[in-house]
Amino acid sequence: MARAVAQAIESGGHLVVEAGTGVGKTFAYLVPILLSGRRALLSTATQALQDQLFARDVRAVVQALNLPVRVALLKGRGSYLCLHRLERSLTGAPSRGLRDPAVSAGLLQVTHWARTTRTGDLAELAGLDERSPLRPLISSTRDNCLGAACPRHGECHVNQARREALAADWVVVNHHLFFADQLVRESGVAALLPSAEVVVFDEAHQLNDIGIGFLGQQLSSGALRELARDVATQGGQWARGMRPWNHLALALEQASRALATVPRPPGQRSRWSEATPERLDAARWQMATRELERALTGVQEALRATAQASADMERLDARAQVLMETWRGLVAPEGGESGGVRWVEWSPAGHGWRLLRSPADSSALFRTLLAPGAERPRSWVFSSATLGQDEALSWFTRGLGLDAVPSLRTLQVPSPFDHANQSALHVPDTLPDPADEAHTPALAEAVARWASRLGGRTLVLTTTLRAADRFASHLMSLVGDGRCGPLQVLAQGRGSRRALLERFREGGSPCVLVASSSFWEGVDLPGDTLQLLVIDKLPFPPPDDPLMEARSRQLEARGLNAFNDGFLPEAAMALKQGAGRLIRSETDRGVLVIGDRRLLSRSYGVRLLSALPPMRRLLDEAEMTGMLDALAATRLSTTANRPT
Ligand code: SF4
């Protein structure tokens with residue numbers, strides 16, 4: 001991989017490389033870039049990974065090779081302390097949030113930290129959650145930053161981070177920031193791109209989905225709720241008595257809530273191709289959208305008339321205008337040449353909603369970025385453990401439109417782990433069909449049996465949150481009835497992701513963690529923490545997923561088959577990603593169970609199985625039991641021999 005990256009850099013070519021777990025892919029791209037002496041933009045999927053890349057991997061490589069390189073970390077503005085907003089939160093009229101004693105205590109802690117921090121990076125504040133109500137009070141958005149008019153402009157952490165990034169040889173960013181900046185050119189990444197000679201996307205398998213979120217339009221109930229909150233507080237502060245601010249804010253909040261109560265069938269998404277989203281009550285939907293438009297217009301007109309009152313009101317007005325434009329763009333009929341797709345999404349609890357319109361993939365953006373004849377030759381490297389099944393890594397390259405790029409090379413580097421000896425696969429053929437109601441209870445009973453035997457160390461991955469909840473409830477009732485050994489059942493949605501993983505890692509009592517979506521990747525539980533991984537059913541995208549529908553239409557227009565070239569590769573990649581949670585180091589041992597007998601009975605099963613590492617097969621319950629006992633025995637003897 002390192003050699004291929006070096007060649008791409010030398011020739012100004014582009015590389016897509018799938019590197020299995022344990023390859024050391026980060027070092028394999030960092031070393032050749034460092035040796036080349038080129039300027040680089042390094043992007044990874046999340047802020048946590050960004051911190052890790054910057055503070056651990058880059059530092060290790062730079063120290064080991066002892067070559068001089070200036071490296072900067074650049075995040076979105078919301079990740080930095082805004083000195084102006086902190087000051088205002090401390091001195092301004094107490095809003096509802098500020099009356100909360102926990103928020104006041106948090107503000108005090110931030111004030112102490114603000115005196116000593118050099119970067120203002122909020123990640124330095126241990127325990128400050130992404131969703132903490134403190135965050136909006138101490139960080140800025142594009143809409144509320146005062147820019148050059150700010151009294152703290154000279155010492156601003158956001159500006160400082162951008163200046164450092166411009167002066168650096170390497171800049172570490174994240175995909176969200178990269179995409180956001182291609183559109184609004186606000187955070188400084190777009191300014192960095194022209195001088196970058198190498199651009200690396202780590203965890204590249206997430207690019208398509210993250211990109212779609214930025215290329216389309218979306219409006220959420222959360223954004224309207226925040227607008228309503230700011231209308232009430234800032235209107236009352238800067239333009240008191242000029243408009244009925246509390247009334248306007250309440251009307252907007254109520255109209256937003258009413259949209260969430262429109263009767264709909266179960267499910268989290270509804271395609272919105274006609275005037276009313278599919279399977280929704282048309283009369284109620286029309287009434288709710290009319291109310292929402294009226295409330296938003298009321299807020300917009302009031303802000304327009306009072307924008308002169310202060311810089312903050314001017315920004316609030318601009319924000320309301322943008323939301324109004326987005327709303328109008330979203331309610332305009334679907335269609336046009338973009339071939340985009342429109343849908344409504346509800347939060348799992350059903351109280352929040354998002355309206356979205358997006359292209360089927362991110363290919364338009366990448367085609368432009370990689371188009372020959374860009375200002376200066378630049379190499380693009382895309383890397384991940386999951387990019388495709390074929391040599392051309394079609395699942396990934398097609399989604400980003402890279403299959404049409406002439407100077408693109410693809411490479412697959414297999415995992416160096418000895419999967420055949422380290423792991424085994426069991427596909428029970430006695431379970432009911434996954435569509436059958438009896439499937440979850442039957443699999444839960446089997447998991448209770450296996451996990452009791454193994455002493456916990458079991459992760460169950462389901463395809464939906466609802467399924468995770470159902471599965472966990474069945475498991476808990478089995479434990480409650482004493483029908484299996486003592487097990488602690490942890491379930492997604494009943495605790496934060498971090499807290500659940502910490503409790504699972506502690507491993508005090510035998511533990512089963514049942515989770516969905518976000519646990520299919522980025523979960524790293526090496527050693528004997530996790531030894532049994534259960535996937536409840538094959539992770540096919542839902543047949544009525546609006547994006548998959550749009551992609552299927554695109555595939556068919558190219559003469560390809562929607563199932564074979566769309567749904568099947570999606571399932572294969574998700575399966576590979578989920579299965580990758582089991583073996584994380586060369587000493588790990590474990591069993592993967594896929595509770596879906598379609599793997600054995602359907603013709604596509606062979607293709608899905610080939611996405612998995614070459615594991616030994618456990619054909620029946622006796623072999624499964626034998627393997628679990630062997631794992632438990634090895635663990636006990638290792639623990640006994642461990643020096644105290
Ligand atoms: S310039 Fe913007 S981000 Fe910086 S301190 Fe002022 S308001 Fe905050």
Side-chain angles (χ1 to χ4, degrees), residues 47 50-51 72-95 97-98 103-104 106-125 128 130-168 171-174 176-178 180-181 183-192 223 226-227 229-231 233-235 237-239 303 307-323:
Q47 283 187 12
Q50 196 186 351
D51 286 333
L73 181 69
L74 182 63
K75 298 181 178 176
R77 64 161 60 249
S79 300
Y80 296 98
L81 172 70
C82 167
L83 294 165
H84 172 66
R85 285 185 65 77
L86 172 64
E87 216 162 69
R88 281 217 28 221
S89 299
L90 290 168
T91 56
S95 70
L98 278 176
V103 171
S104 306
L107 273 180
L108 209 64
Q109 193 195 347
V110 174
T111 312
H112 286 306
W113 165 75
R115 292 195 194 110
T116 53
T117 178
R118 192 193 73 77
T119 63
D121 185 343
L122 296 177
E124 290 175 12
L125 275 170
L128 182 70
E130 276 299 317
R131 282 166 296 177
S132 161
L134 203 58
R135 275 192 172 252
L137 302 174
I138 57 169
S139 61
S140 65
T141 64
R142 194 160 60 95
D143 301 315
N144 63 28
C145 169
L146 300 183
C150 174
R152 309 298 296 268
H153 191 256
E155 332 142 62
C156 171
H157 291 299
V158 176
N159 295 336
Q160 179 195 332
R162 290 175 186 177
R163 276 197 305 273
E164 286 179 6
L166 276 172
V171 184
V172 181
V173 298
N174 62 64
H176 288 87
L177 186 66
F178 180 88
D181 212 53
L183 303 177
V184 294
R185 304 196 171 254
E186 199 261 341
S187 65
V189 177
L192 297 171
E226 270 173 38
L227 178 69
R229 189 193 58 202
D230 291 350
V231 163
T233 52
Q234 296 191 24
Q237 186 174 356
W238 301 109
L303 289 172
Q308 309 294 328
S310 74
D312 281 336
M313 288 300 279
E314 212 173 297
R315 301 214 159 248
L316 198 56
D317 170 44
R319 190 163 126 211
Q321 306 306 322
V322 170
L323 289 174

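Start at 1 and go down the list; that is how both ligands and their atoms are numbered. Values below: all heavy atoms of this structure, side chains included; hydrogens, waters and symmetry mates excluded.
Atom 6 (Fe) of ligand 1 has as its closest protein heavy atom C150 SG, 2.3 Å.
Atom 4 (Fe) of ligand 1 has an N, O or S atom of C156 inside 2.8 Å of it. Among the backbone and side-chain atoms of C82, an N/O/S atom is found under 2.8 Å from atom 8 (Fe) of ligand 1.
Salt-bridge annotation for K75 and D51: present, with a side-chain N of the basic residue lying under 4.0 Å from a carboxylate O of the acidic one. Here R118 pairs with E164 in a salt bridge; the nearest charged N to carboxylate O distance falls below 4.0 Å.
Selection from S140, G120, P151, C145 by nearest heavy atom to atom 2 (Fe) of ligand 1 gives C145.
Listed by number with element, the atoms of ligand 1 under 4.0 Å from a non-hydrogen atom of L146 are 2 (Fe), 7 (S). Residue contact check: R77 has heavy atoms under 4.0 Å from atoms 3 (S) of ligand 1.
Atoms SG and CG, from C82 and L146 in turn, are 7.5 Å apart once rounded to the nearest 0.5 Å. Summarising the geometry, atom CZ belonging to R152 is positioned 4.5 Å from atom CD belonging to E87; distances are rounded to the nearest 0.5 Å.
Residues L227 and L316 are in side-chain contact: their nearest non-hydrogen atoms beyond the backbone lie under 4.5 Å apart.
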